[in-house]
Amino acid sequence: MPVLAIADGVFEVGAAHPERQLFDCLMPTPYGTTYNSYLVLGKEKTALIDAVDPEKISVLLKNLRDAGVDHIDYLVCLHTEQDHSGGNAELLRRFPQAEVVATTKVRDLLATHVHQDPAKVRVFAEGEKLDLGGRTLEFMPIPFAHWPDNTMVWLEEEKILFSTDLFGSHYSTNKAFSTSSSQLQLAAKSYYAEIMMPFRSHIAKYTAKARSLQPRMIAPAHGPVWYDPELILSKYEQWTGDSVKKRISIPYVSMHDSTRSMVEHLTIKLSQRGISVICHDLGSAPESLTIETGHFINDLVDAAAVVFAVPTLLGGPHPAAVYAAVSASAMKPKAPYLGLIGSYGWGSRMPEVMEGLLTGFKSERLPVFQVKGLPTESELEALTEYADNLADKVLALPNLAR
Ligand code: FEO
């Protein structure tokens, strides 16, 4: 990623990582990602906002050379996670005079996570400003977006909000102005789902704070700068709100097609009621579990219901469903309804085990629907009733988005 001027005296100097296809050993990143680092030139002082992932520190150092930077006064650390702070040590070896500035939370976590000496960190509290000479960076902590230490800084003179992970996207592109692309919108939604959704009420508050500043642009720690902040602010308002879509997500596993036949029947019956259904086959191919679970988690941003379709293996739920359930539950989805269906061979503790894994869902539970072996005609009729009952509930939701 080359040096990119985003405003007068403000440059994006971070690194792209297009080949990275998985984040946190969990989240599929088909468009790669970027680790954004911003250079802000004041009349007297120069600040660098965040370093990059240690794997890409050489790119940041090259970009700083290309930008003619031979002196940095401040390294402003907005968040400790290593994709931003992991390159600090090498950066500070190259620019030893740079003073690290951060909130107390970032300072404390830098000490434990990258062994940075806390005595050498200058602490800024909420509302305090770092004066660069004609340019000031105001500190705005946003705890739990998504770590306790996340901090935004506001460059009042240019009306730029440096938003740390908030409003980010795992999206690597050479195109400077691409913020309205549908790919980026999907990447931003996926990023929200897996990083921000578990903290939905906090994120709603921070989105309102960001809007109240009326930023000219929002510069996150991942993905492109939002040159039209309305694009991402309006999406975040929608995602963090209570409304859901007329959509049901069905993650499923099927070893011998019995559970699959239930999924197919349910899908057809729900579709006939005008409800869109997204099915995720968690076991279709060796690598499908991580990828399909990632897509499933994206559905959780605005699905009206989730129905896990789970066969029984060795008396309990199939392990692929366990992986998806644990991952989804951690995201604290807002889906109003949750169901469990599936086929078993001779006995099953699937419902009890799954229920114990799904505590992050505060959803109303539908009655468990299990069959022994291949569903019979009368069991499929009962499943039609199940579908109708679920469709009635979804269509009656007061917060159903059009
Ligand atoms: Fe991009 Fe929370 O690190």
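Each ligand, and each atom within it, is numbered from 1 in the order the structure gives. All residue numbers refer to positions in the sequence shown, counting from 1.
Between W147 and H79, the ring planes are perpendicular. Angles over 60° get that label, and only those under 30° would be called parallel. Using cut-offs of 30° and 60° on the angle between ring planes, the pair H222 and Y191 is tilted.
In this structure, a donor-acceptor pair under 3.5 Å is absent between the side chains of E264 and S261. For H17 and D53, the side-chain atoms include no donor-acceptor pair closer than 3.5 Å. Under the 3.5 Å distance criterion, with hydrogens and angles disregarded, no donor-acceptor pair is assigned to the side chains of E81 and H113.
H222 contributes atom NE2 as its closest N/O/S atom to atom 1 (Fe) of ligand 1.
By the 6.0 Å and 45° rule, R20 stacks over the aromatic ring of F23.
Excluding water, every protein N/O/S atom under 2.8 Å from atom 2 (Fe) of ligand 1 is given here by residue and atom: H79 NE2, E81 OE1, H146 NE2, D165 OD2.
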